[in-house]
Amino acid sequence: MIDKQPLIDRFISYVTIDTQSDPESSATPSTEKQWNLARKLHQELLDMGLSDARIDGNGYIMATLPATSSKKLPVIGFISHYDTTPDFTGTNVKPKLIENYNGKDIILNEDQNIVLSPDDFEELENYKGQTLITTDGTTLLGADDKAGITEIMEAVKYLKAHPEIEHGTIRIGFTPDEEIGRGAHKFDVKQFGADWAYTMDGSEIGELEFENFNAAGVKVFVKGKSVHPGYAKGKMINSIYIAQDFINSLPRLETPEHTSDREGFFHLNGIKGDVEETVLEYIIRDHDREHFEARKEVLNNLAAEINSQYGLELISLEIKDQYFNMREKIEPVMHIVDLAEEAMIAAGVEPIIKPIRGGTDGSQLSFMGLPCPNIFAGGHNFHGRFEYVPVESMLKATEVIIKIAELAAK
């Protein structure tokens with residue numbers, strides 16, 4: 001159905017543009033270099049004949065594929081983000097094409113002995129005989145989420161070339177800064193005008209997700225008292241030791257490396273300190289809203305307990321909610337998940353319905369009034385040097401988009 005080589009060429013043209021976002025920036029997009037891909041996408045949409053394609057001052061792109069049916073049909077959106085994570089470099093990406101993958105080790109970088117191996121990533125064995133696109137071992141690839149963008153663009157191109165396929169109005173949206181949690185912050189849901197949408201931002205083929213974590217960021221401020229160490233007895237309060245007590249008092253097995261499925265966690269992801277003050281940075285995650293709120297209470301109670309032990313207010317917390325589980329917004333409109341599942345089956349893809357152990361633009365958009373489940377884009381090992389994507393998975397994701405458009409018209 002979809003031509004393989006043009007899809008590959010499109011994807012590579014996107015991933016070779018550095019679009020890393022920056023959480024320290026207050027601009028939107030957070031980095032100037034994101035504009036390089038944003039403007040390219042805008043022009044490509046115009047070149048496809050989507051004459052209403054617009055890019056606003058914050059880098060949000062929207063366009064419309066008009067309906068080919070005269071029936072009153074829902075307006076469906078497809079959304080992906082064009083930034084890549086700040087966790088690993090996206091500069092000078094040099095994709096490698098592995099055709100007819102033999103199921104064995106892939107040498108990404110011989111000089112640095114960087115190997116993508118099924119011994120470490122056993123799911124590679126599922127793609128024997130397929131075409132893989134990998135990194136050269138020195139950068140990420142950017143399939144998160146340039147695979148999703150590629151799939152949407154290829155689906156639009158196909159539907160534009162086949163007006164005999166009956167479908168309703170389709171809206172396309174591309175966003176900046178998803179990787180730093182801001183992808184939906186300035187998304188104009190009303191202007192987008194869809195009844196519902198799908199983010200093409202999942203991982204392995206078949207993923208279909210309508211649940212995600214409830215999430216909060218936490219800063220723990222620990223005060224100390226610095227005194228000359230030679231005269232410190234009974235006077236010094238070392239904030240680092242108190243911070244250590246705080247860390248050790250949390251359940252050690254409720255951390256990312258010890259949890260899976262719907263299990264939540266406390267994740268310590270940053271420490272900065274000296275005797276006078278130590279700051280701990282945590283994220284807390286849980287699919288269950290009550291458990292999520294209980295985790296916040298655990299932190300507050302622990303701070304109060306340590307303060308009580310010292311008889312001083314040494315620990316204070318700053319807790320900020322980041323996003324919530326979109327399940328509560330999707331369940332009233334579960335037909336949109338059923339439609340995606342039916343489209344996958346029609347495309348010969350086995351649906352894998354599971355909760356996201358993370359966040360998604362779809363979560364924020366769902367709470368903004370645009371119900372938005374998440375569909376696979378096909379990549380693996382996001383945010384690092386071992387990232388790869390099977391081309392066949394991208395082709396299937398593109399087909400799923402087309403099938404959703406078709407089935408919604410019946």
Side-chain angles (χ1 to χ4, degrees), residues 1-2 65 67 69 73-81 143-145 147-156 158-159 165-175 178 184 189 192 194-212 287 325-379 389-390 392-410:
M1 177 184 281
I2 307 299
L65 180 64
S69 173
L73 295 171
V75 177
I76 301 175
F78 293 94
I79 299 169
S80 289
H81 65 91
D144 180 12
D145 187 27
I149 292 174
T150 299
E151 292 149 9
I152 292 171
M153 294 291 270
E154 286 295 307
V156 168
Y158 185 88
L159 289 169
I165 297 174
E166 188 179 23
H167 63 81
T169 301
I170 295 171
R171 289 286 278 161
I172 296 102
F174 299 137
T175 71
E178 188 269 356
V189 168
F192 195 59
D195 293 289
W196 72 83
Y198 302 94
T199 48
M200 302 298 298
D201 195 19
S203 183
E204 70 175 307
I205 185 169
E207 283 188 353
L208 174 56
E209 300 153 329
F210 65 94
E211 300 179 63
N212 61 281
H287 286 97
N325 190 344
M326 63 180 168
R327 178 172 183 156
E328 66 180 84
K329 299 297 182 181
I330 301 296
E331 281 188 324
V333 288
M334 275 298 289
H335 66 278
I336 71 178
V337 177
D338 296 339
L339 176 64
E341 184 177 9
E342 185 182 355
M344 286 187 188
I345 293 169
V349 174
E350 182 179 352
I352 304 171
I353 301 177
K354 63 179 186 179
I356 306 170
R357 286 186 61 78
T360 167
D361 273 353
S363 169
Q364 295 183 50
L365 291 169
S366 293
F367 280 87
M368 292 163 66
L370 180 66
C372 197
N374 191 42
I375 293 175
F376 73 93
V389 62
E392 287 76 4
S393 296
M394 295 174 66
L395 289 167
K396 283 297 184 182
T398 305
E399 191 174 342
V400 167
I401 295 170
I402 294 166
K403 290 293 184 185
I404 287 173
E406 283 187 272
L407 291 170
K410 293 182 178 179

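These numbers come from the heavy atoms of this one structure, side chains and all, not from hydrogens, waters or symmetry mates.
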Spacing of [atom1] belonging to [X] relative to [atom2] belonging to [Y], to within rounding of 0.5 Å:
| X | Y | atom1 | atom2 | value |
| --- | --- | --- | --- | --- |
| Ile79 | Cys372 | CD1 | SG | 4.5 Å |
| Leu407 | Glu341 | CG | CD | 12.0 Å |
| Leu339 | Leu208 | CG | CG | 10.0 Å |
| Ser203 | Arg357 | OG | CZ | 14.0 Å |

In the structure I gave you, are the side-chain heavy atoms of [X] and [Y] within less than 4.5 Å of one another anywhere?
| X | Y | result |
| --- | --- | --- |
| Met200 | Phe376 | no |
| Thr360 | Met326 | yes |
| Glu211 | Ile356 | no |
| Ile353 | Glu209 | no |
| Phe367 | Glu328 | yes |
| Asn212 | Pro355 | no |
| Ser366 | Ile330 | yes |

Heavy-atom closest pair, residues [X] and [Y]:
| X | Y | result |
| --- | --- | --- |
| Ala405 | Ile170 | CB-CD1, 3.6 Å |
| Gly148 | Ala377 | N-CB, 3.9 Å |
| Pro373 | Ala197 | CD-O, 3.2 Å |
| Ala408 | Pro74 | O-CD, 4.4 Å |

Is it true that the side chains of Asp144 and His81 contain a donor and an acceptor less than 3.5 Å apart? yes
Any ion pair linking Lys354 and Glu207 (charged N to carboxylate O, less than 4.0 Å)? yes
Selection residues 394-410 - residue pairs positive for salt bridge (Lys or Arg N to Asp or Glu O under 4.0 Å), sequence neighbours left out: Lys396-Glu399, Lys403-Glu406
Going by ring-ring contact (aromatic ring centres under 6.0 Å, His included), name the pairs with one or both residues in residues 326-356, residues two or more places apart or in two chains.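 Listed by first then second residue: Trp196-His335.
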Testing Thr175, Asp145, Asn374, Asp361 one by one against Thr199 for a side-chain hydrogen bond (donor to acceptor under 3.5 Å, both in side chains), which residue passes?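 Single side-chain hydrogen bond (donor to acceptor under 3.5 Å, both in side chains) partner of Thr199 among Thr175, Asp145, Asn374, Asp361: Asn374.
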Is there a side chain to side chain contact (heavy atoms under 4.5 Å, CB included) between Ile404 and Ile375? Walk through the geometry before answering. CA-CA 11 Å; Ile404 287 173; Ile375 293 175; 3.6 Å; yes
Counting N and O atoms only, with roles assigned by atom type, does the side chain of [X] sit under 3.5 Å from a partner on the main chain of [Y], one being a donor and the other an acceptor?
| X | Y | value |
| --- | --- | --- |
| Ser69 | Gly168 | no |
| Asp201 | Ser80 | no |
| His167 | Leu65 | no |
| Asp195 | Val75 | yes |
| Arg171 | Ile76 | no |

Side chain to side chain contact (heavy atoms under 4.5 Å, CB included) between Thr150 and Thr398: does it pass, once the steps are laid out? CA-CA 8 Å; Thr150 299; Thr398 305; over 6 Å; no
Derivation and outcome, side chain to side chain contact (heavy atoms under 4.5 Å, CB included), residues Phe174 and Ile149: CA-CA 8 Å; Phe174 299 137; Ile149 292 174; 4.0 Å; yes
Could you work out, with ring pair (Phe, Tyr, Trp, His ring centres under 6.0 Å) as the rule, every residue matching Phe78, not counting sequence neighbours? Tyr198
